[in-house]
Each structure stands twice: as C-alpha cells, then as structure tokens.
Amino acid sequence: MLCILGIETSCDDTCIAIYSKKKGVLFEKIYKQSFLHNKYGGVVPNIALNEHKLGLCLLYKQLDLKKFSIKGVAFTNGPGLQGSLFLGVSFAKAVAYFLNVRTISINHLEGHILSILLSFKFFAFPYVALLISGGHTFLVYVRFVDFYFILGTTFDDSVGEVFDKFSKVLGLGYPGGPVLENILQKGTLSLCKKIARPLLHTSTFNYSFSGLKTSAKVNFLKNSTEDKSVMSSSFHNAIFDSLIVKVALALRYTSVKNLVIVGGSASNKYLCNKFAYFLKEENVSVFTPPVKYCTDNGAMIALVGSFRTVMKKKSNLNFFLNTKSQLILETI
Ligand code: KG4
Ligand code: ZN
C-alpha cells in the first residue's frame, strides 16, 4: 500500500501522520506544546523551535516505518515560524534521504482548505472555505484541488489571534479559543452590542478584527466586574456577526451551497452551529472537520502530498503568502 508521510511544524504543534489514498489516515501523532506558551499569552518562536526538536524525536520513535510503503515525505514549507519550518524541512529531507523517496513541499493553508477530505473522502466540489486559524483568515472559492480563488482575507488580526489576545486580556491564557468557548457554555448568552464589527458594510469580502479586539478590551476594562462568560458570549457574537456577512455574500456570489469551515477556530462548536442555523434558510450546508483536523495536524499535509504525487505538479499557492483580495463587489 503506497503511503505519504506528512510532517507539520509550522507553529506550536509537532505533527507526524501517514496517509494512504486507499485507506485514509494510517498513523497520526501530535506533540502539543501550548502548555509551555500559556503563560506568555501566545507562541514564543524560540520555545517552539526547541520543543519541535524534542517532539520530532519523540514522535519518530513511535513510528515503525517498516510497516508502510512510503512513497514520499510531505512537509509544510510555510507560512509559519521560520525556525520551526526549517527544522521540519530538514527533518523531512533526512527521512526522505533515508527512505530514498522524494520530498513534497506543501502550503499549510492548502492543508487546512482540503482537510475536510480527511473525513469526507468524496466531498463534493465546489465549496466555499472559511479558513479561520491562529495565523490566517481567508474566504476561498474551492473549485477543485489546485483550483482556488481567494475572495477575501483579513487586513490585520486573524480570528484565532483575536481569541488568543482577548483571552490574555481576561487573564485566561493561551490558546484563547477553547478557553473562551468553555466559559461561554457555562455563562449567559446576553449580548453586549458595544463591541465593534468593523468592515461590516464595505463592498469587499475582506475582514478586519483588530478594531473588534480593541473595543472588546475597552469594554471589558470599563465593565471589569462583568462576568467573564458574558464578555465571552458578547465576543463570540461580534466575531460571528463579522464573519457571516461576508460568508453569505461569498456563497451568493459563487452560487455555492456548501460552506466548509476549517482551521483551529473551526473547532468552535458555538460559531459553527450558528453558521449552520443562519445558512439553513439559504439551503446552504455547513461542514467542519473533526476537532483533531481543525487544528494543525500532519494528516492534512500528507493528504495534500498524496494529491501532489498523483498530479505530479507543485502547488501554485505561493500567492497566498502576500495576498489581499482585490474584489470589489460593486464591480462584479
Ligand atoms: O490552525 P491552528 O491550529 O494553527 C494555525 O494555523 O494558526 O489554529 C490555532 C488557533 C489558535 O489561535 C486557537 O485559539 C484557535 O485556533 N482555536 C479556537 C478554538 N480552538 C482553537 N478558536 C476558537 N474556538 C476554539 N474552540
Ligand atoms: Zn494551521
């Protein structure tokens, strides 16, 4: 059985997985280091690099390469933390040399965008992907593998990033998304309308979350006696209101009926259920991968590696690194 080994080290998770086109994910291990970054309220690049060294050794020891017929080693080439990426690339090259197979360089964002195919092997294209992670926020029209059209992105902070930063303001630690979602479930859902929702009525698919983050912070400081779960629910609602407007526009513009939410913040059940509820009226179905494939994982990198092996073609996704959408709705 021909398999691809996937290595992901772009941020704070060290991930190794093996994917076979026929049988799906055959091996997957993650070494998480977020507990070390917790007290800093975000990822510290040097700590991440050191932990990846440890993580790669630990995970590699658990992998019995003889059991699999590895055809290629896929690794994340970016975007991400430079040192951590470099370590992953070096590790991948060494394993590939040892196995005498090729390396396959993968764009992390393509991994997230296609991660839905890990659990729905025959997922129907086209779809609109809302990628919301710690490093990125993108709205993408996915016609097929290797046929992506960026509709919008954020001008400043990403969705996961504002969850992390607001959690830090509340003194709740990193990663902020799961912590804020947990207290939300226990708390009331009363709305705080005072949190800003920037770019809501502009004529592009782009986002801005920096102002939302600042106004949430100002609000919290003014009402610091307010229950944190109330603040969290207000914050969740402000994020949702900002996201849904452009998502609905994108679905209408592309006439697509499938929305796929991916990336770390797609683990947020409250947000995803709200999307499903709101889009039901428009006959749009909402899909998210299981939590383990929302956050960073090696399986999505091995999966894309497997597509690339079949296509014998490099990704054209480098344009992702510095892209801002130029689409103006009025001109469409
Ligand atoms: O995709 P990911 O693992 O790494 C990047 O590619 O950035 O995403 C990590 C981000 C963090 O910012 C984290 O706070 C966010 O995903 N996240 C969440 C939740 N779980 C993780 N955000 C909102 N709600 C969650 N339940
Ligand atoms: Zn990611």
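One-based numbering, in listed order, for ligands and for the atoms of each.
- When atom types are taken as modelled, the side chain of Lys257 and the backbone of Glu282 share a donor-acceptor pair closer than 3.5 angstrom.
- Close approach of ligand 1 to Gly135 is summarised as follows: ligand atoms under 4.0 Å from at least one heavy atom of the residue are 7 (O).
- Checked for salt-bridge contact, Asp12 and Lys32 miss the test: no charged N lies under 4.0 Å from a carboxylate O.
- Looking at atom 24 (N) of ligand 1, its nearest protein heavy atom turns out to be Asn268 ND2, 3.0 Å.
- When ring centroids are compared, Phe275 and Phe240 come within the 6.0 Å threshold.
- Of all the atoms in ligand 1, the ones that sit under 4.0 Å from a non-hydrogen atom of Ser133 are 1 (O), 5 (C), 6 (O), 7 (O), 8 (O).
- For His236 and Phe163, the distance between ring centers is under 6.0 angstrom.
- Within ligand 1, the atoms closer than 4.0 Å to a non-hydrogen atom of His108 are 6 (O), numbered from 1 in the order shown.
- Ring geometry for Phe123 versus Tyr127: interplanar angle over 60°, hence perpendicular rather than tilted (30 to 60°).
- Ion pairing between Lys213 and Asp156 fails under the 4.0 Å rule for side-chain N and carboxylate O.
- For the Zn ion (ligand 2), the neighbouring protein N/O/S atoms at less than 2.8 Å, given as residue and atom, are His108 NE2, His112 NE2, Asp296 OD1.
- Ranking the protein heavy atoms by distance from atom 3 (O) of ligand 1 puts Asp296 N, 3.0 Å first.
- Each of the following atoms of ligand 1 lies closer than 4.0 Å to a heavy atom of His112: 1 (O), 6 (O).
- Between Glu28 and Lys292, at least one side-chain N (NZ, or NE/NH1/NH2) sits under 4.0 Å from a carboxylate O, which counts as a salt bridge.
- Among all protein heavy atoms, the one lying closest to atom 26 (N) of ligand 1 is Glu181 OE1, 2.9 Å.
- Among protein heavy atoms, the minimum distance from atom 21 (C) of ligand 1 is reached at Gly264 O, 3.4 Å.
- Comparing Cys272, Cys11, Gly177 by heavy-atom distance to atom 23 (C) of ligand 1, the nearest is Gly177.
- Of the protein's non-hydrogen atoms, the one nearest atom 10 (C) of ligand 1 is Gly134 N, 3.4 Å.
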Pair His52, Thr9 - check side chain to side chain donor-acceptor pair (under 3.5 Å), show working.
CA-CA 7 Å; His52 280 308; Thr9 57; 5.2 Å; no
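- Annotation for ligand 1: atoms under 4.0 Å from non-hydrogen atoms of Pro175 are 13 (C), 14 (O).
- Numbered from 1 in the order shown, with element, the atoms of ligand 1 that lie under 4.0 Å from a heavy atom of Gly176 read 14 (O).
- Remark: the backbone N or O of Ser158 is paired with a side-chain donor or acceptor of Glu161 at under 3.5 angstrom.
- In this structure, the separation between CG on Leu249 and CG on Leu151 is 10.0 Å, given to the nearest 0.5 Å.
- When hydrophobic residues (I, L, V, M, F, W, Y) are linked wherever their side-chain heavy atoms come within less than 4.5 Å, the members clustered with Tyr40 are Phe35, Leu36, Val44, Ile47.
- Remark: the backbone N or O of Thr204 is paired with a side-chain donor or acceptor of Lys246 at under 3.5 angstrom.
- Using a distance-only test at 3.5 Å, with no hydrogens or angles considered, a donor-acceptor pair links the side chain of Ser242 to the main chain of Ala238.
- Shown in contact with Thr295 at under 4.0 Å from a heavy atom are these atoms of ligand 1, numbered in order with element: 3 (O).
- Across Pro178, Gly160, Ser265, heavy-atom proximity to atom 20 (N) of ligand 1 is greatest for Pro178.
- Taking every heavy atom of Asp164 and a limit of under 4.0 angstrom, the matching atoms of ligand 1 come to 11 (C), 12 (O), 13 (C), 14 (O).
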